[in-house]
Amino acid sequence: MKFGIVVNEGPYTHQAADSAYQFTKAVLEKGHEVFRVFFYHDGVNNGTRLTVPPGDERDIQKNWTALAEEHKVDLVICIAAAQRRGILDANEAKRQGKDADNIAPGFRISGLGQLIEAGIEADRLVTFGD
Amino acid sequence: MKFGIVVNEGPYTHQAADSAYQFTKAVLEKGHEVFRVFFYHDGVNNGTRLTVPPGDERDIQKNWTALAEEHKVDLVICIAAAQRRGILDANEAKRQGKDADNIAPGFRISGLGQLIEAGIEADRLVTFGD
Amino acid sequence: MSILHTVNKSPFEKNALSSCLGHTKSGDGVLLIEDAVYGALKGTKSSDQVEAAKSTVGLYVLGPDLAARGLAADRLLDGVTVVDYGGFVDLVAKYDTTQAWL
Amino acid sequence: MSILHTVNKSPFEKNALSSCLGHTKSGDGVLLIEDAVYGALKGTKSSDQVEAAKSTVGLYVLGPDLAARGLAADRLLDGVTVVDYGGFVDLVAKYDTTQAWL
Amino acid sequence: MSEAAGGGATSKKFLYVNRKAPYGTIYALESLEVVLIGAAFEQDVSLAFIDDGVFQLSKGQSTDAIGVKNFSPTYRALGDYEVTKLYVEKESLDERGLTLDDLMDVTYEDEDDDYEEKPSIRVVSRSELADIMAGQDVILSF
Amino acid sequence: MSEAAGGGATSKKFLYVNRKAPYGTIYALESLEVVLIGAAFEQDVSLAFIDDGVFQLSKGQSTDAIGVKNFSPTYRALGDYEVTKLYVEKESLDERGLTLDDLMDVTYEDEDDDYEEKPSIRVVSRSELADIMAGQDVILSF
């Protein structure tokens, strides 16, 4: 079965980000396909490479990045939500005249259409949020 | 009277950031002193210069920065909360081996002691959050 | 010492206003801001609890947040005072300390 | 079509579980995760409402979230099924669609 | 699109469930942004307003004094995007002391009926709304 | 510190109010971080646990399966920081089917009483807690 997963809250503040990660791992372990993980609202904050969690805590961004690298999971950050919250890739930074970007490896920035497409293409869409 | 103000949520997602800004402006307009605005929890996200809000919306980060520049308001971001969420100044970025920083002008990163000090030194401490 | 309690969540969604009203003392103030302004309306399922608090605490609501949500003054419970941000500052100064019910 | 409803908020803090249970249909499932696992406890002020739903919907609770909060299985309402993340995936597959009560 | 995906040529039924008040959080606004983008995908779209979500449709919203953009006019434009089914729960209105008169006029032009202007808002009972939910392929909640 | 600031040589009474369950959100953990830092300032510190905040003190928390750090042992270390007044509301316990037995043992050594080990948790009524709140200079809520 094809799963789409929506993450609406940022890392650490709400357990939603952790739950979504654990669920995504379990989907893969069960042999299902992950069509896409879509990050919306504060969920876009999962995709900054600038987090420095305490040494004895999990590193949520690195966990996501590892899923993308090891299982080719498509991690998509909503561009409109990301702009409001200061998550940029190099292209966006240049386009917006910003002097830095902060997107983490394995994530890509795209439009809300990617969420609708996940709803259409996936057999199940599961949302994690606040 | 001396006011301390605590902001616990990020910009745009919760009105708390807007309410805190409007309240801080009103404190100054009433002729009171703002001892400090302390940003904790997701509130640290008010202090990234990478946000690109839509053209027809308010720019929350620039509003805060203007308060710091025009009224010398002390805008302090909690370092522990900021590290978890990826808000860094140039020093922190260097110390943590990160290739970019994102702190906005007028904000500074410091410890939780600055919150306690605000509680001790200010006549009133007002918290905005979720 | 008197406390100004601030509440910013809808009474229909969260228990913050209810919990706040259960912890006020005579002479305290309760200021409703953001989504908590719905708590100042008459004729809702939370009106009775707020109405009952009026005899012991001062009830205030932030006008800018009422207007944003399209709520006219004639929908408010009697005895609720509407303030602007300047009035919010005055209330904080008037009461000895402030407690946010987040 | 059958719906798996997911709830992640404490029934003592927010109205999400209550609203969810008011919108389920016979044959639906309700999975309690994160802070909503408190809704699976017996002897609380929200237990009756959850108990009443058991006759028409399947009730599930996420074990890892129970353990994190120190809740032993003997505190749960009878008839609530504990699942792990793999079981969560199976439930999503079993029901036709999923609705999150955020 | 593959048949296996449940997609294919036929459209899916999408329901957007709005349960939160406007302005206090951004969910109402960002939900609307999804609906507008989603309209381009020619799926069968419905919106549900339950719990505090009914406040999103309140008349007379005026946000100047809080410094936040008033996005309520966008609901009235939904008809132009062929989003014409806005289900509002009666029990949620009642609990909040609201009636249909307190809500904005949201209408659409019915192309199957000589472009007559018709109301998009349909007040339904909790039980009817449960039926509507049960008939969806994809439910997105905000 | 100036007299006018209400500070000065005498300490202020700080109350940290905990109303949220642990793990679902970070507020419980980050509240504890404030308390630990604040302990160095030699103010008169109390903690209140009301509503879902009482769950923060539940015994037997085990977070391995959710991949999140278990911070509950830190409450038991509060005595070492001279944070010894943890007020837990009885009504909040009752509504959640909890008793004192369900909570962790949190103790401190009383330096005024030959370092005898005493319980830090004090179960109080809602009305007593309202009195405690009324006696504070600074109230921080999480």
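Every chain is numbered from 1, with letters handed out A, B, ... down the list of sequences.
More than 12 heavy-atom neighbours from other residues, nucleotides or ligands sit within 6.0 angstrom of NZ on E:Lys85. Atom CG of C:Asp78 has 12 or fewer heavy atoms from other residues, nucleotides or ligands within 6.0 Å. Other residues, nucleotides and ligands contribute more than 12 heavy atoms inside 6.0 Å of the CG atom of E:Asp80. More than 12 non-hydrogen atoms from other residues, nucleotides or ligands lie less than 6.0 angstrom from CZ of E:Phe41. A 6.0 Å sphere centred on CD of E:Glu82 holds no more than 12 heavy atoms belonging to other residues, nucleotides or ligands.
Contact annotation: the side chain of C:Arg75 approaches that of E:Leu98 to within less than 4.5 Å [non-hydrogen atoms, C-beta and beyond].
To the nearest 0.5 Å, atoms OG1 (C:Thr44) and CG (E:Leu93) are separated by 13.0 Å. Here C:Lys45 contributes atom NZ and E:Asp94 contributes atom CG; the two are 11.0 Å apart, rounded to the nearest 0.5 Å.
Heavy atoms of E:Asp52 lying under 4.5 Å from chain C belong exclusively to its side chain.
Closest approach of C:Ala68 and E:Tyr23 over heavy atoms only: O-CE1, 3.3 Å. Taking each heavy atom of E:Ile66 and C:Pro64 in turn, the nearest pair found is CG2-O, 3.4 Å. Across E:Gln61 and C:Arg69, no two heavy atoms sit closer than the pair CG-C, 4.1 Å.
Using the six-membered ring where Trp is involved, E:Phe55 and C:Phe12 have ring planes that are tilted, between 30° and 60° apart.
Listed options E:Ala65, E:Gly97, E:Ser62 were ranked by heavy-atom pairs under 4.5 angstrom with chain C; first place goes to E:Ser62.
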